[in-house]
2 protein chains.
Amino acid sequence: MILDSETKAVELPEDHGDELRLWLRLLTCTNLIEGEVRSRLRERFDVTLPRFDLMAQLDKAPEGMTLSDVSRRMMVSNGNVTGLVERLVESGHLDRRTSDADRRAQVIRLTKAGRAEFRRMAAEHELWIADIFGDLTPKDVRELMRLLAKTKASAQKSAKARTE
Amino acid sequence: MILDSETKAVELPEDHGDELRLWLRLLTCTNLIEGEVRSRLRERFDVTLPRFDLMAQLDKAPEGMTLSDVSRRMMVSNGNVTGLVERLVESGHLDRRTSDADRRAQVIRLTKAGRAEFRRMAAEHELWIADIFGDLTPKDVRELMRLLAKTKASAQKSAKARTE
DNA sequence: CCATATTTCTTTAAGTTTCAAGTAATTGGC
DNA sequence: GCCAATTACTTGAAACTTAAAGAAATATGG
């Protein structure tokens with residue numbers, strides 16, 4: 001506790017510059033890589049990152065997902081997914097049908113063509129990522145994984161506390 | 001070197017799953033925090049993240065910056081900055097004038113009101129970030145800083161190699 | 001000086017994104 | 001069964017974003 005000249009309790013503003021700098025670096029780093037992946041996807045396959053990301057989610061769910069599932073997994077809004085799916089159905093990459101169990105829900109899946117195209121893109125994408133992280137040692141990778149897991153948990157805790 | 005049944009050299013596809021998982025975790029982590037900051041900025045100050053980011057750049061440059069400077073620093077396209085600045089001039093946060101030295105260039109600065117509002121927001125923003133990263137020890141922070149710097153350098157090298 | 005290249009910024013089109021409001025279907029409590 | 005709350009999705013408005021093309025000013029190299 002600190003008392004000022006008139007003997008009232010005051011809060012000394014603590015220094016949080018380190019955390020701020022960390023956040024800016026995290027953001028810079030992610031934006032740099034994301035921009036690079038975006039460029040390569042456009043150059044090489046003429047596809048946007050959101051489309052690629054959505055197809056990646058569906059590739060992991062052969063039996064399909066609802067739009068809400070996708071929305072939660074991708075951490076984007078419902079309305080966003082509606083538009084994305086619309087365009088991907090239009091271009092023949094996705095198949096969409098109303099759920100048998102719940103007529104509110106739309107189940108979407110990769111079409112055969114969509115899956116083939118995604119696999120083709122994903123194979124190269126994996127090489128790009130390996131190259132982008134190429135200067136990191138296996139130990140660096142492990143350590144980053146650990147610290148980012150801890151960061152994620154901390155952020156989730158903070159977000160949860162805010163919305164309660 | 002590996003030879004297949006017909007005695008031609010083939011590449012064994014190496015496993016890059018670790019790097020891919022690291023990238024996904026990095027992305028998830030950043031999106032989580034970015035979404036949280038975005039929510040709080042809207043809730044608390046009714047301001048968008050891009051506006052806040054632009055004002056943050058200008059706060060560090062009292063003498064002003066050109067649109068190109070901003071574009072490079074924020075790692076976004078020129079056209080994007082044009083629109084952002086338009087709206088911030090409109091709302092009285094920014095002042096804009098043509099450069100004396102180079103009549104192509106527009107120099108933008110925070111107005112007095114814009115600076116005051118930014119400082120008010122930035123003070124809270126710093127506390128949010130400190131809270132979000134709150135479970136990380138000082139050592140964690142240092143280590144993350146180091147590993148992200150290494151990651152950034154690696155990504156820049158990879159990007160540079162591609163565009164040559 | 002002059003032609004060419006580069007830089008700065010704007011504009012356009014298409015796509016992405018959010019929030020908020022609205023519709024339709026389901027669930028839960030009574 | 002019925003009503004209220006919740007859930008799934010769509011729609012609409014505004015903002016953000018990019019890539020690409022173009023206009024204006026400046027820089028560069030004969």
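Sequence lines set the chain letters: A, B, ... in the order given, protein chains first and strands last, and positions in each chain run from 1. Side chains included, hydrogens not; waters and symmetry mates left out as well; all remaining heavy atoms used.
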What is the nucleic acid contact for [X], judged by heavy atoms within less than 4.0 Å: base, sugar-phosphate only, or nothing?
X     : result
B/R38 : nothing
B/T66 : sugar-phosphate
A/L84 : sugar-phosphate

Between [atom2] on [N] and [atom1] on [X], what's the gap in Å once rounded to a whole number?
X      : N      : atom1 : atom2 : answer
A/E86  : C/dT16 : CD    : P     : 11 Å
A/L49  : C/dA14 : CG    : C1'   : 16 Å
B/L67  : D/dA25 : CG    : C1'   : 15 Å
A/L41  : D/dT18 : CG    : P     : 15 Å
B/N31  : C/dT16 : CG    : P     : 16 Å
B/Q106 : C/dT10 : CD    : C1'   : 10 Å
B/L88  : D/dC16 : CG    : P     : 8 Å
A/E90  : C/dA14 : CD    : C1'   : 14 Å

For the side chain of [X], starting at C-beta, report the closest nucleotide among [options].
X      : options                : value
A/T82  : D/dA15, D/dA25, D/dC9  : D/dC9
A/N78  : D/dA15, D/dT10, C/dT16 : D/dT10
B/N80  : C/dT10, D/dT26, D/dC16 : D/dC16
A/D102 : D/dA19, D/dT26, C/dA25 : C/dA25
A/R87  : C/dT16, D/dT18, D/dT26 : C/dT16
B/V76  : C/dA25, C/dC9, D/dT18  : D/dT18

Using a 6.0 Å cut-off, check whether atom CD of A/E90 has over 12 heavy atoms from anything other than its own residue.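 No, not enclosed.
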Under-4.0 Å side-chain N/O to phosphate OP1/OP2 contact, [X] with [N]:
X     : N      : answer
A/R96 : D/dA8  : no
A/R72 : D/dC9  : no
B/R51 : D/dA15 : no

Select from A/S68 and B/T48 the residue whose nearest nucleotide in DNA chain D is closer to the 5' end of that strand.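 By nearest-heavy-atom nucleotide position, the 5'-most residue is A/S68.
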Could a donor-acceptor pair under 3.5 angstrom be found where the side chain of B/R104 meets the base of C/dT7?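 Counting by modelled atom types and ignoring angles, a donor-acceptor contact under 3.5 Å is found here.
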Supply the atom-to-atom distance B/F52 CZ to B/F118 CZ, rounded to the nearest 0.5 angstrom. 4.5 Å
Please tell me whether B/T28 and B/N31 have a donor and an acceptor in their side chains that are separated by less than 3.5 angstrom. no
Under a 3.5 Å threshold, yes or no: a donor from one side chain and an acceptor from the other, between B/D131 and A/S158?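 Per modelled atom types, B/D131 and A/S158 side chains form a pair under 3.5 Å.
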Between A/R120 and A/E124, is there a salt bridge with N-O shorter than 4.0 Å? no
Nearest-nucleotide 5' precedence on DNA chain C, A/R103 against A/G83: A/G83
Heavy-atom check, side chain of B/L26 versus side chain of B/L148, under 4.5 Å: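 Yes. Closest side-chain heavy atoms under 4.5 Å.
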